[in-house]
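A short write-up of the structure that comes next.
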Amino acid sequence: MPELPEVECIVRSLRPWLEGRRIEAVEIRSPLAAAGDPEPLRRFLAGRRVEAVRRLGKFILFDLDEGVCAIHLRMTGRLLWQGGEGSYTRAVIRFSHGRLLLDDTRQFARIYAGSAMPEPLERLGPEPFELPAAEFCSRLRARRGRIKPLLLDQRFLAGLGNIYADESLHRARIHPLQPAATLSSRRAERLHNAILAVLEEAIAAGGSSISDYVDGEGRSGRFQLLHRVYGREGQPCPACGTAVRRIVAAQRGTWFCPRCQPCRPARALQPARRPLAGRLSTGR
DNA sequence: ATCTATTCCTGGCTGC
DNA sequence: TGCAGCCAGGAATAGA
């Protein structure tokens with residue numbers, strides 16, 4: 001599942017091949033690969049020059065001489081420079097000096113193109129690396145939900161997925177179901193630091209190759225070897241040796257260490273003790 | 001506002 | 001061995 005680090009690695013591997021080059025033609029092998037009608041997409045992209053290749057959240061973005069092309073790989077998508085065609089090749093973007101293949105077994109990946117920024121990219125929240133800790137903390141405090149689903153919400157923060165949400169929470173020693181607004185500023189800041197550290201280390205390791213991920217030149221990542229909790233149910237936590245637990249949060253498998261990551265709401269925000277009354281209005 | 005369930009899709013796994 | 005049934009999961013969407 002390409003998340004921010006994987007997409008960043010793909011972008012870096014493709015940049016030297018694509019920047020400044022002109023798209024000759026686009027073939028959509030599976031109509032599902034196109035967001036909207038394949039034919040207008042094909043026509044829009046043909047003849048356009050790729051000015052820049054960059055990442056926005058989990059989107060791969062081509063700035064064109066006119067408009068943009070954005071690709072989201074979702075779960076099993078791969079973008080391969082000079083890749084060999086197979087039965088999962090869903091689209092081919094041809095250049096004079098080679099071709100870029102979109103491979104995708106499950107067909108969730110989408111190619112967007114247009115004169116303006118496609119709608120899904122407009123909805124993205126801030127980039128982790130561009131969000132100051134103080135602002136991260138205040139955004140957390142404004143939310144009522146649990147921390148893990150919040151980290152997966154691309155409008156809250158762009159780029160984290162299931163792997164890096166779990167790994168960040170483990171490093172920050174925060175329980176995935178902890179209500180976001182109950183995190184003390186110290187712990188919120190710790191989470192911010194953990195997110196940046198995990199993402200940086202994952203990028204440096206070439207991303208996580210669990211099942212499908214490879215970069216634009218077909219290279220696997222190595223960060224999966226450094227996962228501390230993700231996908232490691234029953235295995236010892238690298239920090240304390242306790243068996244990693246798996247629960248489901250926001251319909252996602254969620255792994256954490258029950259000892260390192262206790263659910264610990266901040267005192268000030270705990271409901272007032274009310275022996276018999278249950279849930280009475282506080283009068284606000 | 002926030003939650004859950006559902007949908008998309010298909011390889012891989014489980015269990016009989 | 002074969003096959004049905006279920007699962008994973010990012011994001012959009014509908015409904016509570």
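Naming convention: chains lettered A, B, ... in sequence-line order (proteins, then strands); numbering from 1 in each chain.
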Legend entry - Gap between atoms CG and C1', on A/Asp104 and C/dA8 respectively (whole Å): 14 Å
Inset, instruction - Please determine, by modelled atom types, if A/Glu3 and A/Tyr213 share a side-chain donor-acceptor pair under 3.5 angstrom. - result: no
Inset, instruction - Give the rounded distance in Å between these two atoms: CG of A/Leu177 and P of B/dC3. - result: 10 Å
Inset, instruction - Return the value, rounded to whole Å, for the distance between atom CG of A/Leu32 and atom C1' of B/dC8. - result: 8 Å
Inset, instruction - Would you indicate, yes or no, if B/dC9 has its OP1 or OP2 atom less than 4.0 angstrom from a side-chain nitrogen or oxygen of A/Tyr88? - result: no
Inset, instruction - Any salt bridge (charged side-chain N to carboxylate O under 4.0 Å, His left out) involving residues 86-103 of chain A? Give me the pairs, sequence neighbours left out, ordered by first then second residue. - result: A/Glu27-A/Arg94, A/Glu85-A/Arg99
Inset, instruction - Return the value, rounded to whole Å, for the distance between atom CG of A/Leu140 and atom P of B/dT2. - result: 12 Å
Inset, instruction - Could you tell me whether A/Arg110 contacts a base, only the sugar-phosphate backbone, or nothing, with contacts defined as non-hydrogen atoms closer than 4.0 Å? - result: nothing
Inset, instruction - State yes or no: do A/Val198 and A/Leu150 share one hydrophobic cluster built from I, L, V, M, F, W and Y residues joined by side-chain heavy-atom distances below 4.5 Å, directly or via other members? - result: yes
Inset, instruction - Would you mind reading off the distance between A/Leu73 atom CG and B/dC9 atom P, rounded to a whole angstrom? - result: 18 Å
Legend entry - Counterpart residues, side-chain hydrogen bond (donor to acceptor under 3.5 Å, both in side chains), relative to A/Asp37 (two or more places apart): none
Inset, instruction - Between protein and nucleotides 9-15 of chain C, map the contacts as a letter string: B base, S sugar-phosphate only, - none, heavy atoms under 4.0 Å, written 5' to 3'. - result: BBBS---
Legend entry - Check ion pair A/Lys148-A/Asp166 (N to O, under 4.0 angstrom): yes
Inset, instruction - Considering only NZ, NE, NH1 and NH2 on the basic side and carboxylate oxygens on the acidic side, decide whether A/Glu201 and A/Arg171 come within less than 4.0 Å. - result: yes
